[in-house]
Amino acid sequence: MTSTFLSAFGALTDSNISMVMLLVKATIILLVALGITLSMQRASAGARHLVWLVTVAALLLVPALTAWAPIPVRMLPAQPVSTPTAAPSARTETSSIPATEKNAGVAVPNTVTDAVASPGSIEKSSAFGAMNAISILLLIWAAVLVVIAASLGYSALVVRRIVNRARPLDTEGWLTPLWEVSDRLSLDEPPRLLRSEDAKMPFACGLFTPTIVLPAECDGWSLDRRRAVLLHELAHVRRHDLVGHTMGRVACAVYWFHPLVWTAAKQLRSESERACDDLALSCGGRATDYAEHLLDIVTSVRRDATPSVALAMARRKEFEGRMLAILDPELIHSSPSRRQSAALIGSLALISIVVGAAAPARRAQDGAQATVAAPQVKATDLPAKAVDKGYPDSREILGGWDAETSPQTVTNKNQQTATKISERTSAKISEQVSTNISGPFAAAISSAISSSAAIASAATSSALRELLTKGDPQKAGRDSDERPVLLARILASEPNASLRRIAAWGLADHAHKQVAAEALATALRRDSDPSVREMAAWALADANRSGTAVDALVAALRGDANVRVREISAWSLGHVGGRSSSVSDALGAALSDANVGVRRRAAWALGNADLRQAPPALIALLRDPNSEMRELAAWALYQIEDPAAIPALDAALRAESDKNLQIAYIRALAAIGERSVDALKGLLESKDPEIKAIAIRALAGGNATGPWPWPWPEPRPFPD
């Protein structure tokens with residue numbers, strides 16, 4: 001009975017053990033991720049989101065890792081072998097049986113069918129029954145997978161129908177906060193903004209075309225609420241959370257039977273929402289105001305019917321935890337740095353690779369038994385693929401191969417250089433892990449990195465050889481890009497102004513190249529159409545402090561007759577100008593421009609140009625009769641941190657009656673540092689508790705006063 005069970009298990013192992021191992025690997029990865037996130041409860045939500053994102057990606061890659069780069073783990077029973085000892089002849093003639101036994105009615109066994117075939121039939125029957133059970137389980141798994149996939153497809157169709165029936169929000173009341181938030185989050189292009197009668201809750205959708213859908217109630221929202229909602233939804237776009245959300249849904253469809261996978265997908269979504277809340281708060285929003293807007297939106301929706309493939313702004317089930325996280329001043333609301341993210345992702349990826357690539361293998365036979373059982377096989381008798389890929393135990397099978405000519409020896413020689421590089425890289429990553437990750441899992445992560453270095457050396461050697469011999473094809477493709485030359489030619493010679501404007505817009509992506517910068521500078525100086533000059537000034541903002549771009553923008557700011565061209569030129573100088581005196585002088589002179597838009601853009605550019613000294617005209621702007629200009633001047637001085645502005649800020653603080661402007665002046669003084677102490681001491685006796693509190697924060701130094709609140713710095717303008 002025992003031998004029959006082992007034989008059936010062996011038959012199942014050969015064909016289905018990989019399925020069991022996939023389940024075990026997925027469980028190990030999920031448990032490791034769960035333990036890591038439990039040890040990171042006081043860390044930022046963005047860091048925990050990275051853990052779950054890498055975990056979900058690893059779950060989807062485990063089957064490929066197992067098939068692509070298996071690491072043999074000798075854990076299965078050894079293959080039973082037969083010895084070459086002489087066996088008795090199985091075929092016996094019935095004529096040799098005594099006649100008395102025939103006549104007595106004794107059952108005579110048919111030795112061919114009963115004595116030999118019966119044990120094999122039992123083994124095959126057991127294996128066949130087990131295979132039928134596996135087939136049924138596979139059929140059930142596939143059926144549920146199809147149902148979940150169909151549900152996701154239906155949700156995608158519902159989202160598409162909502163988007164197609166919605167109307168765009170293209171009024172100034174929506175476009176202005178949309179551009180402001182997009183600029184604050186450093187988005188190259190704002191997503192589509194739609195209003196839908198079918199939506200009850202704001203949500204983000206669209207993997208390839210990001211879209212924000214707002215309910216019909218958004219018409220009555222205040223400007224602050226519009227900004228708060230756009231902050232959260234555009235944070236999803238900035239963080240590419242829709243990709244992670246989709247991966248989580250796919251993982252749930254594939255591993256629908258595994259409860260920890262559903263937990264991982266839920267945690268992935270929950271942490272992405274909290275990370276977006278943290279990003280919104282780090283952009284200057286007040287926690288109490290943001291929480292109030294979120295509470296009003298959630299309580300106003302009785303039944304949320306947002307499709308599952310979209311990211312709704314809030315759900316009732318997870319709302320309480322988010323509110324507590326938003327209002328808790330002890331929690332870390334900042335996003336992890338690039339260095340921390342790289343260390344976290346790299347270490348988790350290495351752990352997942354090691355776990356996912358592990359493959360069960362049979363144990364080796366004993367020496368004496370292997371000598372008796374293993375037949376002598378020549379190299380020519382083996383399949384070519386077995387020799388090329390160096391399967392486990394290939395040297396034992398080949399036996400007579402010379403050590404210098406075996407595939408394993410040749411591979412080791414080719415991998416020496418890659419191993420050294422891999423070890424150095426592993427040591428550096430381990431150092432980063434120990435620096436950025438603390439807790440009980442740091443040692444385990446470092447150990448996994450060290451063990452995976454040898455595994456990765458073979459792939460590293462071939463990749464390095466290919467890179468050194470062939471070079472970087474993507475870089476070669478960029479160097480041979482002819483678009484800047486063609487667009488520059490169109491901008492210089494095309495008679496149609498609309499086409500020249502399109503060419504100037506296209507050159508923005510190539511403004512760092514000399515040919516594009518020169519073409520745009522020439523158009524800004526000489527083109528007869530104001531819209532083309534405006535677009536050329538807009539594109540030159542990406543010229544990376546090119547002297548050609550700076551000279552053209554300064555000339556346009558000083559002498560162009562068109563107001564929009566001067567506005568855009570001032571804005572572009574805030575990006576491309578640097579600390580040159582010509583830029584500072586031109587922007588300072590623009591503060592006296594007759595147009596308030598030009599003055600406003602010039603003040604913003606001065607604060608964004610990384611200057612060391614504030615122009616006298618900017619300091620004088622603190623006495624401007626326009627309160628918006630005074631606040632913008634305070635922000636610019638807050639950015640420049642010039643001690644020469646302290647007397648003017650102190651005088652403006654004493655003369656100002658607007659409380660918000662007083663706070664702005666205090667923030668500017670706090671940014672300057674210890675030299676502003678005399679100007680801040682008198683505020684400690686203020687009867688206004690808010691003024692007194694921010695003065696104490698200012699004296700505390702650092703970032704105690706928090707980020708600069710509304711109004712935000714000038715967003716990237718969109719040429720008309």
Side-chain angles (χ1 to χ4, degrees), residues 168-195 202 204 210-214 218-239 276-287 289-290 292-294 297 313 333 335 508 534 537-538 541-542 564 567-568 570-575 596-609 626-636 638-639 660-661 663-664 667 706-720:
L169 291 172
D170 52 5
T171 61
E172 184 178 356
W174 280 106
L175 290 182
T176 298
L178 176 65
W179 292 340
E180 289 177 349
V181 174
S182 299
D183 183 72
R184 189 68 169 178
L185 296 177
S186 300
L187 291 175
D188 294 334
E189 185 177 353
R192 290 191 300 171
L193 188 60
L194 304 177
R195 174 191 179 277
T211 303
I212 307 300
V213 179
L214 303 178
C218 69
D219 295 338
W221 288 352
S222 64
L223 181 59
D224 288 342
R225 177 159 300 182
R226 293 181 182 185
R227 285 169 171 161
V229 172
L230 291 176
L231 256 176
H232 183 87
E233 298 304 327
L234 266 67
H236 281 306
V237 177
R238 164 70 186 280
R239 291 168 35 82
C276 289
D277 293 338
D278 292 345
L279 188 56
L281 295 177
S282 66
C283 286
R286 292 183 178 179
D289 295 341
Y290 182 79
E292 182 181 357
H293 293 311
L294 198 62
I297 292 173
M313 184 174 180
H333 294 292
S335 301
E534 176 190 353
W538 179 83
D542 296 322
R564 282 290 292 173
E567 286 185 21
I568 300 297
W571 175 84
S572 294
L573 281 173
H575 286 276
V596 65
V598 177
R599 297 201 304 272
R600 182 164 56 87
R601 293 271 167 82
W604 174 83
L606 285 168
N608 200 57
N626 189 321
S627 61
E628 182 183 1
M629 295 303 299
R630 296 198 302 273
E631 186 170 13
L632 194 52
W635 172 82
Y638 166 87
Q639 296 291 109
N660 291 328
L661 285 176
I663 294 176
R667 289 179 183 273
W708 190 271
W710 302 99
W712 284 348
E714 186 68 22
R716 184 178 181 94
F718 285 76
D720 296 334

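Excluded from the calculations below are hydrogen atoms, water molecules and symmetry mates; all remaining heavy atoms, backbone and side chain alike, are included. What you see is a predicted model, and the numbers here were worked out from it, not measured in a lab.
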With rounding to the nearest 0.5 angstrom, report the CZ to CG distance, Arg225 to Asp289. 10.5 Å
Is there a side chain to side chain contact (heavy atoms under 4.5 Å, CB included) between Ile212 and Val237 once you walk through the steps? CA-CA 9 Å; Ile212 307 300; Val237 177; 4.1 Å; yes
What closest approach, in Å, do Leu661 and Ser627 show between heavy atoms, and which atom pair accounts for it? CD2-O, 3.9 Å
Output for pair (Glu567 CD, Arg600 CZ), nearest 0.5 Å, gives 7.0 Å
Heavy-atom pair with the smallest gap, counting every atom of Pro168 and Leu194: CA-CD2, 3.7 Å
Where Glu534 and Arg564 come nearest, the two heavy atoms and their spacing: OE2-NH2, 3.1 Å
Distance (rounded to the nearest 0.5 Å) between Arg601 CZ and Leu573 CG: 12.5 Å
Of all heavy-atom pairs linking Leu175 and Asp170, the shortest is CD1-O, 3.3 Å
Run Gln639 and Leu606 through side chain to side chain contact (heavy atoms under 4.5 Å, CB included) and show every step you take. CA-CA 9 Å; Gln639 296 291 109; Leu606 285 168; over 6 Å; no
Should Pro202 and Leu214 count as side-chain neighbours, where that means a heavy-atom distance under 4.5 Å? yes
Arg195: what forms a salt bridge (charged side-chain N to carboxylate O under 4.0 Å, His left out) with it, not counting sequence neighbours? Glu197, Asp219
Which distance, rounded to the nearest 0.5 Å, do you find between the SG of Cys218 and the CG of Leu193? 7.5 Å
Give the intermediate values and the outcome of side chain to side chain contact (heavy atoms under 4.5 Å, CB included) for residues Leu178 and Leu234. CA-CA 9 Å; Leu178 176 65; Leu234 266 67; 4.0 Å; yes
To the nearest 0.5 Å, what is the distance between OG on Ser182 and CG on Leu231? 10.0 Å
If you look at every heavy atom in Ala636 and Ala603, which pair is closest and at what distance? CB-O, 3.6 Å
Could you tell me whether the side chain of Glu233 reaches within less than 4.5 Å of the side chain of Val213, counting heavy atoms only? no
Nearest 0.5 Å, what's the CG-CZ distance between Asn660 and Arg630? 12.0 Å
Could you tell me whether the side chain of Arg227 reaches within less than 4.5 Å of the side chain of Leu230, counting heavy atoms only? no
For the student: nearest non-hydrogen atoms of Trp604 and Trp571, plus distance: CZ3-CD1, 3.2 Å
Could I get the full list of ring-ring contact (aromatic ring centres under 6.0 Å, His included) partners for His293, not counting sequence neighbours? none
Is a side-chain N or O of Arg238 found less than 3.5 angstrom from the main chain of Leu185, in a donor-acceptor match? yes
Test side chain to side chain contact (heavy atoms under 4.5 Å, CB included) applied to Arg226 - qualifying residues, sequence neighbours left out: Trp174, Trp221
